[in-house]
Amino acid sequence: MNTGEILTHEAKAVATKLVEKSCVLLKNESLLPLKPKSNQKIAVVGPYAESHFTLGFWASVSGKSSDVFTLKAGLLEQFDERQLFFTRGFNLYENYEQFGPMKAGFEQLNGPIEDESFLLQQAIEQAKATDVIILTIGEQFLESGEGASKTNLQLPEKQIRLIKKLAELNKPIIGLLYTGRPLVLTEVEEYFDSLLVVWFPGVMGGKGITNLLTGRANPSARLSMSFPKNEGQIPVYYAQTATGRPVASSTHSERFVSKYIDAPNEPLFSFGAGLSYATFAGHWQAAKEKKEMIYCSYELKNKSEHDGWITPQIYLLNFSAEIVQPIKRLVASQHVFLKANEQKVLTVEIPKTAFTYFDNQGDLHFDAGEYVLQLDILGKQENLPIKIS
């Protein structure tokens with residue numbers, strides 16, 4: 001089977017939808033979506049905009065980077081080319097020697113290695129003449145995947161330098177983060193007015209990302225892993241077990257609660273984080289036990305003029321058990337589409353097995369009693385106490 005048979009029109013359409021549904025909007029200070037038909041001039045800075053090497057590690061082995069629909073191609077479909085100013089900003093690779101016999105092909109597709117100081121200055125001069133900056137940053141595909149463990153999750157120094165220099169121009173900055181893992185963005189997060197995690201978006205990445213930037217698609221994905229504030233917090237995850245002296249509620253002296261003395265306990269971006277262009281609100285209505293299922297209903301409303309998908313999350317909060325349990329545990333989620341100003345009552349089915357746990361002997365337990373379910377809508381929570389027999 002050749003790539004022509006695989007990359008059909010239908011397959012590309014599906015791949016585009018997957019990009020739209022997997023990119024996570026972590027920050028947006030009213031900058032997105034952009035308006036293609038405005039007179040806004042946009043500096044598109046960073047090598048990922050024109051790079052074909054955004055498939056990720058294993059897809060780059062089995063796929064063809066030359067088939068990638070780049071971000072530049074996507075932007076040129078929706079914007080007048082006179083609005084867009086592309087500049088590399090930094091080299092994606094330090095050299096091409098690491099590619100061995102494929103060196104010549106990579107260099108031909110990605111362009112020559114240039115002086116970093118020249119690229120930095122070129123990006124600054126280009127951005128000065130524009131109204132907004134789209135800055136592409138992150139990892140290159142060889143830094144992620146199998147056999148690519150890291151102890152330093154910071155962005156490379158040349159990327160941090162570029163971010164800070166562009167911020168001095170006082171132009172709004174949209175960050176597009178290409179990565180295969182959570183990174184430590186604490187030093188640079190403040191410089192972005194909007195931040196979209198696009199991962200390694202695959203063959204139709206440029207089209208799907210552009211649709212998100214312009215509002216043709218509405219972000220709905222949520223983080224499946226927390227982004228730490230620094231490496232010393234790791235492991236940091238939402239389902240951590242309760243401690244004897246929790247920082248938020250312990251009556252012990254502040255010195256002797258479960259916390260760091262040089263950093264907060266919370267990650268920079270938590271599991272389940274993600275924004276939308278629409279404004280949603282949700283409220284519990286009722287919960288009912290029937291046989292081996294718990295049926296929970298809640299009201300969900302789109303309070304904006306944007307159609308959009310939303311991913312309500314339902315967590316089981318800490319409960320009494322024979323052994324220590326997680327502070328919270330995701331037990332259900334839904335992916336719901338609501339038109340502008342639409343309101344729905346939804347029901348989610350949670351099996352009673354979601355309330356079970358294993359003890360330290362490997363035995364499964366279920367304890368009848370009172371539980372608390374938490375409904376999370378775009379970071380706003382509401383709790384529902386329930387009794388299960």
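As the structure is a computational prediction, the values presented were derived from the model and not from experiment.
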What distance separates [X] [atom1] from [Y] [atom2], expressed to the nearest 0.5 Å?
X: Q122; Y: F90; atom1: CD; atom2: CZ; value: 13.5 Å
X: D367; Y: Q325; atom1: CG; atom2: CD; value: 8.5 Å
X: L384; Y: I314; atom1: CG; atom2: CD1; value: 9.5 Å
X: S38; Y: F79; atom1: OG; atom2: CZ; value: 7.0 Å
X: F271; Y: D376; atom1: CZ; atom2: CG; value: 10.0 Å
X: F269; Y: S226; atom1: CZ; atom2: OG; value: 11.0 Å

side-chain contact (heavy atoms from CB on, under 4.5 Å) for T186 and N230? Distances and angles first, verdict last. CA-CA 7 Å; T186 308; N230 59 51; 5.6 Å; no

Between [X] and [Y], is there a donor-acceptor pair closer than 3.5 Å when you use the side chain of the first and the backbone of the second?
X: T130; Y: A127; value: yes
X: Q159; Y: G138; value: yes
X: E289; Y: K352; value: no
X: Y277; Y: A217; value: no
X: N91; Y: I113; value: no
X: N302; Y: K339; value: yes
X: K27; Y: E189; value: yes
X: D193; Y: I174; value: no
X: K229; Y: P264; value: no
X: T70; Y: A73; value: yes

Please name the pair of heavy atoms, one in [X] and one in [Y], separated by the smallest distance, quoted to 0.1 Å.
X: A332; Y: I350; value: CB-CG1, 4.1 Å
X: R245; Y: F256; value: CD-O, 3.0 Å
X: G274; Y: V24; value: CA-CG1, 3.9 Å
X: K290; Y: Y295; value: CB-CE1, 3.7 Å
X: S194; Y: N28; value: OG-OD1, 2.6 Å
X: A221; Y: C23; value: CB-O, 3.3 Å

What do you reckon, is [atom1] of [X] surrounded by more than 12 foreign heavy atoms closer than 6.0 Å?
X: E146; atom1: CD; value: no
X: K303; atom1: NZ; value: no
X: M225; atom1: CE; value: no
X: N39; atom1: CG; value: no

Do [X] and [Y] touch side chain to side chain, with heavy atoms closer than 4.5 Å?
X: S270; Y: L223; value: no
X: I160; Y: L162; value: no
X: T16; Y: F69; value: no
X: Y238; Y: K328; value: yes

Does F86 have K72 sitting over its ring (NZ/CZ under 6.0 Å from centre, angle to axis within 45°)?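 Judged by the rule (NZ or CZ under 6.0 Å from the ring centre, within 45° of its axis), K72 counts as positioned above F86.
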
Applying side-chain contact (heavy atoms from CB on, under 4.5 Å), run through F192 and L135 and close with a yes or a no. CA-CA 9 Å; F192 295 106; L135 178 57; 4.1 Å; yes

Have [X] and [Y] got a donor and an acceptor in their side chains that come within less than 3.5 Å?
X: H306; Y: N218; value: no
X: Y298; Y: Q334; value: yes
X: N383; Y: Q374; value: yes
X: Q343; Y: E299; value: yes
X: N211; Y: Q78; value: yes

Pairing of [X] and [Y] as salt bridge, 4.0 angstrom limit:
X: E77; Y: K207; result: yes
X: R88; Y: E50; result: no
X: E342; Y: K301; result: no

Derivation and outcome, side-chain hydrogen bond (donor to acceptor under 3.5 Å, both in side chains), residues T279 and S304: CA-CA 5 Å; T279 302; S304 72; 5.2 Å; no

Would [X] and [Y] show up in the same hydrophobic cluster when neighbours are defined by side-chain heavy atoms closer than 4.5 Å?
X: L119; Y: F85; result: no
X: I388; Y: L316; result: yes
X: L76; Y: Y48; result: yes
X: L346; Y: L375; result: yes
X: F227; Y: Y260; result: no

Applying the side-chain hydrogen bond (donor to acceptor under 3.5 Å, both in side chains) criterion to E116, which one of Q121, R161, K158 satisfies it?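 The option that passes is K158.
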
Are the ring centres of F355 and Y371 closer than 6.0 Å? yes

Write out all pairs satisfying side-chain hydrogen bond (donor to acceptor under 3.5 Å, both in side chains) with one or both partners inside residues 173-185, taking only residues at least two apart or from two chains.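 Qualifying pairs, neighbours excluded: E139-T179, E139-R181.
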
